[in-house]
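Report on the following structure.
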Amino acid sequence: MTSRWASEKRRVVSAAQEMAALGLVTGTSGNVSMRLLPADGAEELLAVTPLGRPYVGLSDDDIVVVDFDVEPVEGDRIPSSETLLHVAIYRARPDVRAVIHTHSVFASVAAVGGLEIPPIIDEMTISLGGPIKVSEYAFPATQALADNVCAALGERSAALVRNHGVVGVGRDLGEALSVCALVERVAQVFVLASLLGKVTALPPEAVEAELAIYLMQRRSV
């Protein structure tokens, strides 16, 4: 039987496999989801990667569709253990259509160090909305972690998950994946600059101008 969300599931698989190919995760770590826009009056759903399945060989049928109470709607697999995080972001951010959680190395270094990454390159503010903040620690796969990450994320496009990794969001899966890749590059620059002994943030006036561009882009959707 063909799924009514076949194309959306295919896009989730493609994004998950590209995430792995970019080296943003290892093994079965990380997770990907896509908001499924409901018909009028219907409940909101999301398509999410399953728990513990390697990205190589991941198929459309492996993707699980759940509601915002994480109740299964379609699929036989167990949804990602971090599905609560994805749901919390969708509830807090109506503009978000895709969420990707990665464990990329340099961003995870900053997350373990509890280090917020200030605006250090122009692209960062324009694409991410300012600094990359670090959430308060909470145990994985809990509502507390989901709430803490939402607080750190705010209206920006990325946050560091304390002692854990990264979450990136976007208006579609391509944008969310680009956000996660940019976070890792910015984190690498940040860590290496810190080793040199000095991290120089952008001038406040530049951050203000670039933040206006970021907000304009979000409102144009």
Side-chain angles (χ1 to χ4, degrees), residues 14-26 29-33 85-86 89 92-93 95-137 148-221:
S14 178
Q17 291 177 335
E18 188 172 355
M19 172 182 70
L22 289 170
L24 300 177
V25 294
T26 57
S29 67
N31 30 77
V32 175
S33 77
L85 170 60
H86 294 246
I89 292 172
R93 295 279 301 275
D95 60 309
V96 168
R97 296 287 179 263
V99 176
I100 296 182
H101 169 49
T102 75
H103 293 177
S104 56
V105 174
F106 283 90
S108 295
V109 168
V112 168
L115 300 173
E116 175 181 318
I117 303 177
I120 53 175
I121 58 174
D122 295 296
E123 184 184 1
M124 178 180 170
T125 305
I126 293 171
S127 298
L128 305 181
I132 307 171
K133 295 184 176 292
V134 189
S135 67
E136 293 296 321
Y137 179 79
N148 290 351
V149 172
C150 283
L153 184 64
E155 295 302 312
R156 292 170 295 277
S157 294
L160 299 177
V161 185
R162 173 90 61 163
N163 293 88
H164 195 131
V166 180
V167 66
V169 305
R171 292 163 289 187
D172 55 40
L173 285 163
E175 183 175 65
L177 188 62
S178 294
V179 163
C180 291
L182 177 58
V183 169
E184 178 59 9
R185 182 166 69 83
V186 168
Q188 185 171 1
V189 171
F190 175 72
V191 169
L192 293 176
S194 298
L195 291 175
L196 290 175
K198 185 176 183 181
V199 175
T200 304
L202 293 169
E205 59 272 20
V207 174
E208 183 179 359
E210 290 160 2
L211 182 57
I213 296 172
Y214 171 81
L215 294 172
M216 182 175 62
Q217 291 174 154
R218 307 305 296 184
R219 291 165 183 161
S220 66
V221 178

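Residue indices begin at 1 and follow the sequence shown. Just so you know, these numbers use all the heavy atoms, side chains as well, and skip hydrogens, waters and symmetry mates.
More than 12 heavy atoms of other shown residues, nucleotides or ligands fall within 6.0 angstrom of atom CD in Glu116.
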Audit row: Ile126, Gln217, side chain to side chain contact (heavy atoms under 4.5 Å, CB included) steps and yes/no: CA-CA 9 Å; Ile126 293 171; Gln217 291 174 154; 4.1 Å; yes
Stepwise ring pair (Phe, Tyr, Trp, His ring centres under 6.0 Å) check, His101 with His86: CA-CA 9 Å; His101 169 49; His86 294 246; 7.5 Å; no
Residues Val134, Arg162; criterion side chain to side chain contact (heavy atoms under 4.5 Å, CB included); working and verdict: CA-CA 6 Å; Val134 189; Arg162 173 90 61 163; 3.7 Å; yes
Worked verdict on Leu24 versus Leu177 for side chain to side chain contact (heavy atoms under 4.5 Å, CB included): CA-CA 10 Å; Leu24 300 177; Leu177 188 62; 4.3 Å; yes
Test side chain to side chain contact (heavy atoms under 4.5 Å, CB included) applied to Ile121 and Arg185, step by step: CA-CA 10 Å; Ile121 58 174; Arg185 182 166 69 83; 4.0 Å; yes
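Atoms CG and CD, on Asn163 and Glu136 in that order, are 11.0 Å from each other to the nearest 0.5 Å. In this structure, Arg156 CZ and Thr125 OG1 are separated by 11.0 Å, a value rounded to the nearest 0.5 Å. To the nearest 0.5 Å, the span separating NZ on Lys133 from CG on Leu153 amounts to 11.5 Å.
Between Glu184 and Thr102 there is no side-chain heavy-atom pair separated by less than 4.5 Å. Proximity of Phe190 to Ile132: side-chain heavy atoms (C-beta onward) are nowhere separated by under 4.5 Å. Counting heavy atoms from C-beta on, the side chains of Thr26 and His103 never come closer than 4.5 Å. Leu85 has its side chain out of reach of Val99: every pair of non-hydrogen atoms, C-beta onward, lies at least 4.5 Å apart.
Pro118 and Val199 make their closest contact through CG-CG1, 4.4 Å (heavy atoms, listed as atom of the first residue, atom of the second, distance). Residues Ser157 and Tyr214 come closest through the heavy atom pair OG-OH, 2.9 Å. Smallest separation of non-hydrogen atoms from Leu182 and Ser127: CD2-CB, 3.6 Å. The minimum heavy-atom distance between Pro119 and Gly130, with the atom names listed, is CG-C, 4.2 Å. For Leu173 against Val32, the heavy-atom pair with the smallest separation is CD2-CG1, 3.6 Å. Nearest heavy-atom pair, Ala201 versus Ile120, reported as atom, atom and distance to 0.1 Å: CA-CG2, 4.3 Å.
Across Val166, Val109, Leu22, a single residue satisfies side-chain contact (heavy atoms from CB on, under 4.5 Å) together with Ser104, and that is Val166.
Remark: the backbone N or O of Ser135 is not paired with any side-chain donor or acceptor of Asn148 at under 3.5 angstrom. A distance-only check finds no donor-acceptor pair linking the side chain of Glu175 to the backbone of Val169 [under 3.5 Å]. A donor-acceptor contact shorter than 3.5 Å is absent between the side chain of Ser29 and the backbone of Val25.
Every residue meeting the side chain to side chain donor-acceptor pair (under 3.5 Å) condition with Arg93, not counting sequence neighbours, appears here in chain and number order: Asp95.
Between Arg218 and Glu155 there is no salt bridge, since none of the side-chain N atoms of the basic residue sits less than 4.0 Å from a carboxylate O of the acidic one.
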